[in-house]
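See below for the structure under consideration.
As the structure is a computational prediction, the values presented were derived from the model and not from experiment. Computation of the quantities below employed the complete heavy-atom set of this structure, encompassing side-chain atoms and omitting hydrogens, waters and symmetry-equivalent molecules.
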Amino acid sequence: GKAVATLQRVESTSRDWGARRLVRSCQVAISVIHDEYGHSVESALAVLDVADAEFPNVADLTNQRSKVLFHAKREQEALAVAERALSFQGLSNVEYVFTCRNAGIAAANLGSWVKAVDFFELGAKRASQSRIQEPMGIGLMADAAIGYWKQGKPQESISKFVEVLELLDSIPFADDIKLRQLHATVRHCISWIHFEAAQERSEQLADPRPGMCSNQDPHEGIKDHRIVDIAAA
């Protein structure tokens, strides 16, 4: 409550100063607080309704709406809004990549693996432009590889995994939990495909979830997970 009240004061002052971008930043932040901390989809969207009336068709506000809808599992709506956000100028590379991931997951959950792969590859391409986001980009490539397999395109899937393994070979993972997650999930997916191809489905290997390899919020238990040598993968 104190955070929202403070941001509202900053928003009001920024509007008086004519600092329109700062006004929007406050509106986005207030929506995030209602969504991710107050767990109120209605309040988060109400903030954006007011903001959109003042600043229609703006990337950061549209993108925040897509995230609220995605968190609420309203994936059909979230996907449509995310596509609009990606079509606008103004999203940072980080936001663009995460929105591509969200859109890919939503498309896959709605049964469209073709669309999912398009979004995962779009995000991977943008992530490749930044050294910081390179590991997430590799994860998105692996998500796309699974998407190809789910489409019944094994050649494209294997070719994409070849690219992933070549890039992954230069990414260390010893002390970084996110990198450890990346290595572990890629190996999991390759093992899953191996058993699927051999028609020897393993009950020990869960079906890969959409966006699994690009997940940036790994479970703490991954620290203790044994990871085989990449040559085995």
Apply side-chain hydrogen bond (donor to acceptor under 3.5 Å, both in side chains) to Arg209 and Asn215, showing your working.
CA-CA 10 Å; Arg209 300 187 309 278; Asn215 179 21; over 6 Å; no
To the nearest 0.5 Å, how far apart are CZ in Phe195 and CD in Glu200?
7.0 Å
Short question: side chain of His194, backbone of Ile190 - any donor-acceptor pair under 3.5 Å?
no
Flag the pair Gln181 / Asp176 as yes when at least one side-chain heavy-atom distance between them is below 4.5 Å, and no otherwise.
no
With side-chain contact (heavy atoms from CB on, under 4.5 Å) as the test, would you mind laying out the steps for Lys115 and Leu110 before giving the verdict?
CA-CA 10 Å; Lys115 258 192 170 184; Leu110 291 167; over 6 Å; no
I'd like to know whether Phe70 forms a side-chain contact (heavy atoms from CB on, under 4.5 Å) with Ile105, so could you lay out the CA-CA distance, the side-chain angles of the two residues, the decisive distance to 0.1 Å, and finally the verdict.
CA-CA 9 Å; Phe70 182 79; Ile105 292 171; 3.9 Å; yes
Under 3.5 Å: donor-acceptor pair, side chain of Arg101, backbone of Leu140
no
Side-chain donor/acceptor of Ser12 to backbone N/O of Arg9, under 3.5 Å:
no
Grouping I, L, V, M, F, W and Y whenever their side-chain heavy atoms are under 4.5 Å apart, do Phe55 and Leu22 come out in a common cluster?
no
Inspect the surroundings of CD in Gln76 and state if more than 12 heavy atoms from other residues, nucleotides or ligands are less than 6.0 Å away.
no
Is there a path of hydrophobic side-chain contacts, each under 4.5 Å between heavy atoms of I, L, V, M, F, W or Y residues, that connects Ile138 with Val97?
no
Output yes when Arg21 and Asp60 qualify as a salt bridge under the 4.0 Å nitrogen-oxygen rule, no when they do not.
no
Residues 116-128, side-chain donor-acceptor partners within the protein, below 3.5 Å, at least two apart:
{"residue": "Glu121", "atom": "OE1", "partner": "Tyr148", "partner atom": "OH", "Å": "3.2"}
{"residue": "Glu121", "atom": "OE2", "partner": "Tyr148", "partner atom": "OH", "Å": "3.3"}
{"residue": "Glu121", "atom": "OE2", "partner": "Lys160", "partner atom": "NZ", "Å": "2.9"}
{"residue": "Arg126", "atom": "NH1", "partner": "Asn93", "partner atom": "OD1", "Å": "3.0"}
{"residue": "Ser128", "atom": "OG", "partner": "Lys125", "partner atom": "O", "Å": "2.6"}

Using side-chain heavy atoms (C-beta onward) and a distance below 4.5 Å, is Val41 in contact with Arg74?
yes
So, the side chain of Ser31 versus the backbone of Gln27: is there a donor-acceptor pair under 3.5 Å, distance only?
no
In Å, rounded to the nearest 0.5 Å, how long is the span from OG of Ser43 to CG of Asp35?
10.0 Å
How far apart are the C-alpha atoms of Asn63 and Lys67, what are their side-chain angles, what is the distance that settles it, and do they pass the side-chain contact (heavy atoms from CB on, under 4.5 Å) test?
CA-CA 6 Å; Asn63 190 51; Lys67 289 194 280 188; 3.9 Å; yes
Could you go step by step and tell me if Ser159 and Gln155 meet the side-chain hydrogen bond (donor to acceptor under 3.5 Å, both in side chains) rule?
CA-CA 6 Å; Ser159 295; Gln155 181 63 58; 3.3 Å; yes
Could you check if a side-chain atom of Leu69 sits within less than 4.5 angstrom of a side-chain atom of Glu75, using non-hydrogen atoms only?
no
Verify, without hydrogens or angle tests, whether His183 (side chain) and Lys178 (backbone) share a donor-acceptor contact under 3.5 angstrom.
no
How long is the straight-line distance from NE2 of His34 back to CG of Leu45, given to the nearest 0.5 Å?
11.0 Å
Closest non-hydrogen atom pair between Leu79 and Ala103, with its separation
CD1-O, 3.5 Å
State plainly whether one hydrophobic cluster holds both Leu91 and Val32, where clusters connect Ile, Leu, Val, Met, Phe, Trp and Tyr through side-chain heavy atoms under 4.5 angstrom apart.
no
OG1/Thr185 to CD1/Ile146 distance, rounded to the nearest 0.5 angstrom?
10.0 Å
Of all heavy-atom pairs between Arg65 and Asp49, which one has the smallest distance, and what is that distance?
NH2-OD1, 2.8 Å
Test log, rule side-chain contact (heavy atoms from CB on, under 4.5 Å), inputs Thr62 and Asn57:
CA-CA 7 Å; Thr62 305; Asn57 300 320; 5.8 Å; no
Examine Ile158 and Leu168 and state if one hydrophobic cluster contains both, with Ile, Leu, Val, Met, Phe, Trp and Tyr joined whenever side-chain heavy atoms are less than 4.5 Å apart.
yes
Tell me whether Arg15 is salt-bridged to Glu54, with the criterion being a basic N under 4.0 Å from an acidic carboxylate O.
yes
Taking Ser214's backbone N and O only, do any of them form a donor-acceptor pair with Asp143's side chain (distance below 3.5 Å, no angle check)?
yes
Cationic N near anionic O, under 4.0 Å, Glu196 to Lys150
no
Could you tell me whether a side-chain N or O of Ser157 sits under 3.5 Å from a main-chain N or O of Pro154, the two making a donor and an acceptor?
no
Would you name the heavy atoms of Cys189 and Cys213 that are closest together and state the gap between them?
SG-SG, 3.7 Å
Are the side chain of Ser112 and the backbone of Ala108 linked by a donor-acceptor contact shorter than 3.5 Å?
no
Would you say Ile171 ends up clustered with Met136 if hydrophobic residues are merged whenever their side chains have heavy atoms under 4.5 Å apart, either directly or through other cluster members?
no
With sequence neighbours excluded, give me every side-chain hydrogen bond (donor to acceptor under 3.5 Å, both in side chains) pair touching residues 161-171.
none
Nearest heavy-atom approach of Ala142 to Val186 is CB-CG2, 3.9 Å
Please report the interatomic distance CH2(Trp149) to CH2(Trp192), rounded to the nearest 0.5 Å.
7.5 Å
